[in-house]
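Only one structure is covered here, and it is reproduced in the block below.
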Amino acid sequence: MSTDDSFASTASGVGATTWTTGRIITKDFPAPHLVRLRMHVEDRQRHWPGQHYLIRLRAPDDYTAQRSYSVASDDSDPLVEFLVERLPGGEVSEFLADVAEVGDVLELRGPIGRWFRWDTYTPALCLVGGTGVVPAVSMTRAARHHGRADLLRVVAVARTPDDLPYAEELAQAGASIVHTRESSTARPPGALTAAELAPLLEGVELAYVCGSARFAGFAEDLLVESGLDPEAIRVERFGVTG
């Protein structure tokens, strides 16, 4: 079975105690290739910004497919928010974008990830690219909720303004927005430089990088070039199957 439309919308018989279910409460499309889901999660556990969930789909013949999705919401939000990029041929992403509906129940496991989570106390910088912005959104929301916005700096990079989800929210929170090809800000388009990044690293103890493999490699190298200890860098890469 290779098509998403043969998946059942409702999870049945979650076996392991680590798996639970989530009901889609709202669904919208911030961009043609993006779908945002806000879900009520049963038996929800506290999550930290930077963590993720597995979303698992199950077909009538019990075939399953699962993918990891970072959480955009902070823990004070009554719902758990995911932003999913619809990838051509992606079993899970195409189903979530094209088939799943408000009210559907899906299998979830999470929150997952200790290494990439932000504790909301450690001074940190988040350097993210494109749809890798989601952990930075969660961190920004948590910082605002706890009154610790001064402990978090965010640099979000995208080719054009249309390629950066949550851009307005991040800009209002004081994030630095970098467009590499087309800009709507005073900064001319072009790659982020070490000279721009270095001042933002003053006092920072941890840096979080999230984006495509290509972006993550560039960002990690740039942080080191800007003077940050490589041991202080935490990287989360994603790809077509990630």
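In this structure, the separation between CG on Leu152 and CZ on Arg141 is 13.5 Å, given to the nearest 0.5 Å. Put simply, OG on Ser138 and CG on Asp74 are 6.5 Å apart, with the number rounded to the nearest 0.5 Å. Rounding to the nearest 0.5 Å places CG of Leu96 at 12.5 Å from CD of Glu101. The distance from atom CG of Leu170 to atom CG of Leu164, rounded to the nearest 0.5 Å, is 6.5 Å. Note that CG of Leu222 is 9.0 Å distant from CD of Glu196, once rounded to the nearest 0.5 Å. Interatomic distance, Leu57 CG to Gln66 CD, rounded to the nearest 0.5 Å: 9.5 Å.
Leu223 and Leu206 fall into different hydrophobic clusters, where Ile, Leu, Val, Met, Phe, Trp and Tyr side chains are chained together by heavy-atom contacts under 4.5 Å. Phe116 and Leu54 fall into different hydrophobic clusters, where Ile, Leu, Val, Met, Phe, Trp and Tyr are joined by side-chain heavy atoms under 4.5 Å apart, directly or via other members. At a threshold of 4.5 Å between side-chain heavy atoms, the hydrophobic network of Ile, Leu, Val, Met, Phe, Trp and Tyr places Tyr208 and Val235 in two separate groups. Residues Phe215 and Leu197 fall within the same hydrophobic cluster, defined by Ile, Leu, Val, Met, Phe, Trp and Tyr side chains chained together at heavy-atom separations under 4.5 Å. Hydrophobic clustering (ILVMFWY, side-chain heavy atoms < 4.5 Å, transitive): Val155 and Val209 are in one cluster.
Nearest heavy atoms, Glu169 versus Arg144: OE2-NH2, 4.2 Å. Between Phe29 and Ala97, the shortest heavy-atom distance links the atoms CZ-O, 3.3 Å. The minimum heavy-atom distance between Leu228 and Ala207, with the atom names listed, is CD2-CB, 3.4 Å. Scanning both residues, Val204 and Arg153, for their nearest heavy atoms gives CG2-NH1, 3.9 Å. Minimum interatomic distance between Trp118 and Trp48 (heavy atoms only, all atoms of both residues): O-CE3, 3.6 Å.
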(request) Run the numbers on Ile25 and Val102 for side-chain contact (heavy atoms from CB on, under 4.5 Å), then give the verdict. (result) CA-CA 6 Å; Ile25 304 301; Val102 170; 5.9 Å; no
(message) Please evaluate residues Ser73 and Leu79 with respect to the criterion side-chain contact (heavy atoms from CB on, under 4.5 Å), reporting the C-alpha separation (whole Å), side-chain torsions for both, the decisive distance (0.1 Å), and the verdict.
(response) CA-CA 8 Å; Ser73 47; Leu79 301 178; over 6 Å; no
(request) Might you work through the side-chain contact (heavy atoms from CB on, under 4.5 Å) test for Thr180 and Val157, ending with a clear yes or no? (result) CA-CA 7 Å; Thr180 60; Val157 180; 3.8 Å; yes
(request) Just do the side-chain contact (heavy atoms from CB on, under 4.5 Å) check on Arg56 and Val92 with the steps written out, would you? (result) CA-CA 8 Å; Arg56 181 168 69 186; Val92 178; over 6 Å; no
Please set out all donor-acceptor pairs under 3.5 angstrom arising from side-chain atoms of residues 120-136, sequence neighbours excluded.
| unit_1 | atom_1 | unit_2 | atom_2 | d |
| --- | --- | --- | --- | --- |
| Thr120 | OG1 | Arg148 | NH1 | 2.8 |
| Tyr121 | OH | Arg148 | NH2 | 3.0 |
| Thr122 | OG1 | Asp119 | OD1 | 3.2 |
| Thr122 | OG1 | Asp119 | OD2 | 2.9 |
| Thr131 | OG1 | Glu85 | OE1 | 3.3 |

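No side-chain heavy atom of Val84 sits under 4.5 Å from any side-chain heavy atom of Leu34. Side-chain contact between Glu236 and Ser70: present, with at least one pair of heavy atoms (C-beta onward) separated by less than 4.5 Å. Here the side chains of Tyr69 and Leu83 are not in contact, with every heavy-atom distance at 4.5 Å or above. Contact of the Pro111 side chain with the Tyr53 side chain is registered, since non-hydrogen atoms from C-beta on lie closer than 4.5 Å. A heavy-atom distance below 4.5 Å is not found between the side chains of Arg46 and Gln51. Between Ile24 and Phe82, every side-chain heavy-atom pair lies at or beyond the 4.5 Å cut-off. Between His179 and Thr160, every side-chain heavy-atom pair lies at or beyond the 4.5 Å cut-off. Within the 4.5 Å cutoff, the side chain of Asp75 has no heavy atoms near those of the His145 side chain.
Checked for salt-bridge contact, Arg38 and Asp77 meet the test: a charged N lies under 4.0 Å from a carboxylate O. Between Glu94 and Arg86, at least one side-chain nitrogen of the basic residue sits less than 4.0 Å from a carboxylate oxygen of the acidic one, meeting the salt-bridge criterion. At a threshold of 4.0 Å, the pair Glu107-Arg58 counts as salt-bridged, since one of the basic side-chain nitrogens sits closer than that to a carboxylate oxygen. A salt bridge does not link Arg23 with Glu42: every distance from a Lys NZ or Arg NE/NH1/NH2 to an Asp or Glu carboxylate oxygen is 4.0 Å or more.
Crowding of Glu205 atom CD: a count of heavy atoms from other residues, nucleotides or ligands under 6.0 Å exceeding 12. The number of heavy atoms from other shown groups lying within 6.0 Å of CZ (Arg181) does not exceed 12.
Formation of a donor-acceptor pair under 3.5 Å by the Lys27 side chain with backbone atoms of Val35 is not found in this model. Formation of a donor-acceptor pair under 3.5 Å by the Arg187 side chain with backbone atoms of Gly190 is found in this model. Side-chain atoms of Arg44 come within 3.5 Å of backbone N or O of Pro78 as a donor-acceptor pair.
Counting only residues at least two apart or in different chains, salt bridge (Lys or Arg N to Asp or Glu O under 4.0 Å) contacts with residues 217-235 comprise Glu220-Arg237.
Under the side chain to side chain donor-acceptor pair (under 3.5 Å) criterion, Arg36 pairs with Asp28, sequence neighbours left out.
Cation-pi check for Arg117 over Trp115 is not met; the charged atom does not lie both under 6.0 angstrom from the ring centroid and within 45 degrees of its normal.
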